[in-house]
Amino acid sequence: MENISIAKRRDWKVIVLFAVFFILFFFIEYNVPAQTGDWAFKAADPFAKAGEMWTKQNGQLFAHILTALMISVHILTPILCAGLLSLLLFVCSKASTENKPDLITFLIMASAIILIPRELFKETYTSVSGFANIVPPVIPLVAYIYLTRNIFSKEKPAYKSKMALAGLGLGLATQLFAEHISLFVLIFGIAVIVYCAARFEKIYAFHFLFVLGVCIGAAIMLLSPGYWSGGLETGNDVLVTDFLSRVAGAYLNGWSKWLVMDHVLINAGFAYVFCRLAAIRYSSEGNGGFRISNIPTLCRIGLAVMLLTPLIGLIHNYIPAGIFIYIGAVLTPLFILSIIMLTVKMVKKSDVRLFCLFLFIGACASVFPLLFIKSMEQRDFFMAYILMAIAFVRLLEYSKASNRRNYNIVVGVIGLCSALLMIYFCFMFGFIGYSQGLLQKDIKVINETSSQKLTVMTPNGNWLLKSMVPDITEVDAYRQYYGIGDDVEISFLDKN
């Protein structure tokens, strides 16, 4: 009875924390002002624009409809964004823990989702279209990962018959968003089937129907005339023939920075986890306890790379950009190889080891489809970041199970720092929202008094996305979005 009471109290703490983070997500998204792309989207009829994009550009139908819905009804933006981010937090917490997520695990995963790199944050969380394209399909993918992680245990997995239909629904839910996500999910689903066929000599209906759902959704995407009416030749997301040139350009200008180097907090977390596991794995109680000399040379090199990578990422503003690109180009493969090698060497539990290796390889594979697409943005790496975050929290929990020494102190410090950073986020976006409220009053006065000039100043503008849109200027889009007269001169001033 006492254990049940403790479990219930822990569940209530998680529920309360979950509600707190929903409110936090809502507060941040509510105070994010509409961005350039949102102005242009609303300048036309949003739903007509969504249909036009399906016809002329691409098959991201769900993303276009969700974008139109959020732009048409402004209050839906913070509600849907907070709801989807809370759902993402829930499935990530479930996927990263062996049993029920405890309070600390939940807090660390929430911190990982909120405290993403600034460029990734503004491209994903402050842009309605960016959010609608990237975040929703990651949720069913992580849910599928959670439901299939039993394939790494020693026993054969078993699924109830109703799970098969759930697989079909999850597969469909990952489609009709960004193309590279659609392609990766298909590859991931096939990889799971091949793995189970090789290890268990069986193809499970749950896995098969997931891939079937992905294929159905992908087929619907390909019905978009935008892919066939010149889109493959003149559109933004076009196939690239110069493969080697594309690989080199993508690696230097995107992969090395956005896949590894920008993720300073997660990389520092990996460095701590593997140093902790090394101390546990190679300690020799009968020979004076832990000594660095006990660690094999190859593992020491790997640990050095793990420690160096977040340090270089932290001080990259003080390194010339041209030099940092090549440093990142060298460190990225070393970091990936080190994280795989250290997982193999230091994680004794086979199901945890295989699960984390699957996530690491999946994170790298998730950006592989970008090689075939002409345009590439940092938000395209959001899924890779989430997979790495899940692996980090899973390894952190494993290190706690192996040895609890000093664990509570360290995660307590991590939790405190995360809480302080999130309070800072609240103040920052609260100030942005307050400034936007004052700006709305200025627009109302200008429209009533026929004033001739409006200066739009946004504090902390480096946290908000500014993008160019075709067929309309930034000033005209802003004018139409807020109903400002043509005789008013509009100028923009960002205050970072």
Side-chain angles (χ1 to χ4, degrees), residues 14 18 21-22 25 62-63 80-101 105-114 116 120 124-125 131-152 157 159 163 166-178 180-192 195 206-207 209-211 213-214 217 263 266 351-352 354-367 379-397:
V14 171
F18 187 82
F21 279 106
F22 176 85
F25 290 139
F62 285 169
L80 289 175
C81 288
L84 289 171
L85 284 174
S86 299
L87 189 56
L88 177 63
L89 171 59
F90 175 76
V91 294
C92 286
S93 299
K94 295 286 285 183
S96 59
T97 55
E98 187 169 358
N99 300 307
K100 288 185 177 181
T105 301
F106 196 86
L107 177 61
I108 292 174
M109 181 55 71
S111 303
I113 291 175
I114 295 176
I116 61 178
L120 183 59
T124 308
Y125 293 168
F131 185 96
N133 265 288
I134 300 299
V135 176
V138 177
I139 297 171
L141 173 62
V142 175
Y144 178 70
I145 290 172
Y146 166 67
L147 294 171
T148 58
R149 65 180 185 173
N150 55 359
I151 65 175
F152 302 111
Y159 299 102
M163 284 288 291
L168 182 67
L170 289 174
L172 280 169
T174 62
Q175 300 305 293
L176 299 167
F177 294 97
H180 76 283
I181 293 179
S182 299
L183 183 55
F184 166 71
V185 173
L186 177 61
I187 296 171
F188 188 89
I190 293 173
V192 169
Y195 175 86
F206 175 61
H207 302 154
L209 287 179
F210 176 81
V211 173
V214 171
H263 303 164
I266 289 292
D351 59 335
V352 177
L354 289 171
F355 178 64
C356 290
L357 289 174
F358 218 69
L359 291 175
F360 293 142
I361 296 171
C364 297
S366 68
V367 296
R379 67 188 180 202
D380 296 330
F381 290 74
F382 178 78
M383 181 167 56
Y385 173 86
I386 291 297
L387 295 180
M388 295 291 277
I390 293 171
F392 159 64
V393 176
R394 185 67 190 92
L395 286 173
L396 187 65
E397 187 192 51

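Excluded from the calculations below are hydrogen atoms, water molecules and symmetry mates; all remaining heavy atoms, backbone and side chain alike, are included. What you see is a predicted model, and the numbers here were worked out from it, not measured in a lab.
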Within a reach of under 6.0 Å around CZ of F90, are more than 12 heavy atoms found that belong to other residues, nucleotides or ligands?
-> no
Taking every non-hydrogen atom, the tightest pair across A389 and M109 | O-CE, 3.8 Å
If we only count heavy atoms from C-beta on, is the L85 to F131 side-chain gap below 4.5 Å?
-> yes
Which heavy atom in C92 sits nearest to a heavy atom in I390, and how many Å separate them?
-> SG-CD1, 4.0 Å
Side-chain touch F188/I145, heavy atoms, less than 4.5 angstrom | yes
Is Y385 reaching over with its side chain to a backbone N or O of A112, donor-acceptor style, under 3.5 angstrom?
-> yes
List the atom of C364, the atom of V367, and the distance in Å for their closest heavy-atom pair.
-> O-CG2, 3.1 Å
State, to 0.1 Å, how close S86 and F25 come at their nearest heavy-atom pair, and which atoms those are.
-> OG-CD1, 3.6 Å
Nearest 0.5 Å please: distance from the CG atom of L84 over to the CG atom of L89.
-> 12.5 Å
Shortest non-hydrogen contact between I181 and N133, atoms and distance = CD1-O, 4.2 Å
Please find out if less than 6.0 Å separates the ring center of Y144 from that of F206.
-> yes
Hey, does L88 have a side-chain heavy atom less than 4.5 Å from the side chain of I386?
-> yes
Got a donor-acceptor contact below 3.5 angstrom from the H207 side chain to the G189 backbone?
-> no
Is T174 close to L170 at the side-chain level, that is, under 4.5 Å between some pair of heavy atoms?
-> no
Would you say the side chain of F210 lies within less than 4.5 Å of the side chain of T148, judging by non-hydrogen atoms?
-> no
Can Q175 and S182 be counted as having a side-chain donor-acceptor contact under 3.5 angstrom?
-> yes
From CZ (F392) to CD1 (I266), nearest 0.5 Å | 6.0 Å
Decide if the gap between the ring center of F152 and the ring center of Y195 is smaller than 6.0 angstrom.
-> yes
Side chain to side chain, F21 and I113, heavy atoms closer than 4.5 Å | no
Heavy-atom nearest pair, F184 first then M383, reads CD2-CE, 3.4 Å
Calculate, to the nearest 0.5 Å, the distance between atoms CD and OG1 belonging to E397 and T97 respectively.
-> 5.5 Å
Report yes if some heavy atom in the side chain of L359 is under 4.5 Å from a heavy atom in the side chain of F355; otherwise report no.
-> yes
